[in-house]
Amino acid sequence: MVESVTAKATTKDDANTITASSLSSSSTSSTEISSLTSHLTPQVIIAKKRQNREPHTAIEISWFIQQFMEGNVKDYQMTAWLMAICLNGMTDEETAALTESMVQSGVVMDWSNPSLPNSNNNAATASQQQTHKVDKHSTGGVGDKVSLILAPLVASFGLTVPMMAGRGLGHTGGTIDKLESIPGFRTQYAAEEFAQLLLSSSPSNDTNDSGGGDCGGPLNAAIVSPSENMCPADKRMYALRDVTSTVTSLPLQTSSIMSKKIAERPDSLVLDVKFGRGSFNNNVEESLELAKRMIQTGELCGIRTTALVTRMDDPLGYAVGNWLEVEECINIMTVGMDEDSKIETDDSLSKDLVDVTLALAGQMLVQGGKAETLRQGVVMAREHLLNGKAWQKFRDMVKAQGGDVSCIDHPEKYPRAKFSAQVISPRTGYISSIDSMEIGLVGVLLGAGRKTVEEPVDFSAGIRFRKKAGACVRRGDVLAEAYTERDGVLENYAVQRVLEAFQFSDVEVGDLPLLITNFVTKNGVEEFDQSTLADN
């Protein structure tokens, strides 16, 4: 649990001494809360934010959210308050209090419960529960499959990675959709089941398992969907924001994103905040502001939080589409198992994906106490990526979550899409960029993504790139391949739209724009040290 702050407030004027983190504890009695909220009405809360003369207290925000969930604050009243926030903003303390109130509206992970893991060794069980829990969140992009490698990679060092992820919507893909492309992979778990899964014995401990490896110990890595009863206030509030044009409000964005991560109750969190054509923030300034807000919210809720700001102008890696992205991750995690193999080569189409993954992993190892510096963490992470330990942990995770391990052991046997077509270069020259937004939208047309939350996805659909930005191409070269189960989509418009996403230059492109631009902590923003990723 997060560290609580004892609340001593007994009057309206003292309400500010109750902070976001104290809302999650039992230190504030019902009598104290009643005395602090007896004067409140929905109209009082709405008027205070509309007038914007002074910030809300944590108790006021907590009361308002609780009354909303109990039906005493109506949708039209919540909408008025959300619009006032959109117009007048929130302080960091208000945003943290809103985030914690969303968290407290539903089920919260409790890692202190000694009955969670199924173990006969109480001492070992206690040790597992005390293992540092570190998670990562990405603001979303095209081809962003980092979590599939990152979670098992970090867990291979003995840290616990309790990752809750989402499904794709619009141009961005979803980690859950990608994992569910593995036959049998289960992503729906109740909170107690999730904890039991993470703390259970790793399948590689089973002598009957033929995967090899020497990871041993608890599983420590699992990627699941948030349970339906986790942060229900956020779900209801987002539905109102979606139809009232208040989605883009920075404090509302922050609280919505962070509430689901904080409900996991990790010890620390690393954020991948993206900017560029294929992200939700077009420029780096917007992403820096969002990163700072999320970090302050995490810290005020008692969770150490840092962020990397990364570019999403071009798709990440060489695959876009659910199974295609899983296959790319398998290739990355297994290519280094051959002697003298090397992941990052100049012509590697996955180099950008590997770089972002290693940087995030390095920082997670720092926060988990496994590395002293980011550079050391990157070196350690690269070693586990090359020696097969990340792959073995991924294999363990797939098996523990019910996935068909033979499918990832032999990805070449996976059923391919019924229809496919090559995208051919019309000219000789250099590729200067690939529009990730356009590629993401074409992915939806192919069936790899969805326009509405109810729409199913086609696991085999997507785009595989053969050339990426910076490459020299000749007329007639294959730039990419598109896959779909939808008859007529390729020849009618999909192939042409993929081609139009490519931008060409007559002259050599030179150095590409920096992929990772900034490192952000509660102490401020600094430029990311590019030498951190040097392979030497």
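Values below: every heavy atom of this structure, side chains too, minus hydrogens, waters and symmetry copies. For clarity, every value in this text was computed on a predicted model and none was experimentally measured.
With sequence neighbours excluded, no residue forms a side chain to side chain donor-acceptor pair (under 3.5 Å) with W323. With sequence neighbours excluded, the residues forming a salt bridge (charged side-chain N to carboxylate O under 4.0 Å, His left out) with R293 are D92, listed by chain and number. Residues meeting the ring pair (Phe, Tyr, Trp, His ring centres under 6.0 Å) test with W63, sequence neighbours left out: none. Looking at residues two or more places apart in sequence or on another chain, you find no ring pair (Phe, Tyr, Trp, His ring centres under 6.0 Å) involving H137. Evaluation of the salt bridge (charged side-chain N to carboxylate O under 4.0 Å, His left out) rule for E455 yields R486 as partners, not counting sequence neighbours. Here F68 pairs with nothing under the ring pair (Phe, Tyr, Trp, His ring centres under 6.0 Å) rule; sequence neighbours left out. A search for salt bridge (charged side-chain N to carboxylate O under 4.0 Å, His left out) contacts involving K235 returns nothing, not counting sequence neighbours. For the salt bridge (charged side-chain N to carboxylate O under 4.0 Å, His left out) test, residues two or more places apart in sequence or in another chain that qualify with R450 are D177. Partners of F275 under the ring pair (Phe, Tyr, Trp, His ring centres under 6.0 Å) rule, at least two apart in sequence or in another chain, do not exist in this structure. T139 meets the side chain to side chain donor-acceptor pair (under 3.5 Å) test with no other residue; sequence neighbours excluded.
Using a 4.0 Å cut-off between a side-chain N of Lys or Arg and a carboxylate O of Asp or Glu, K136 and D272 do not qualify as a salt bridge.
Sorted by first and then second residue, the ring pair (Phe, Tyr, Trp, His ring centres under 6.0 Å) pairs involving residues 80-101 (not counting sequence neighbours) are H56-W81, F64-W81. The ring pair (Phe, Tyr, Trp, His ring centres under 6.0 Å) contacts involving residues 163-187 comprise H171-F280, where partners must be two or more places apart or lie in separate chains.
Between the side chains of E286 and N282, no donor-acceptor pair of N or O atoms lies under 3.5 Å.
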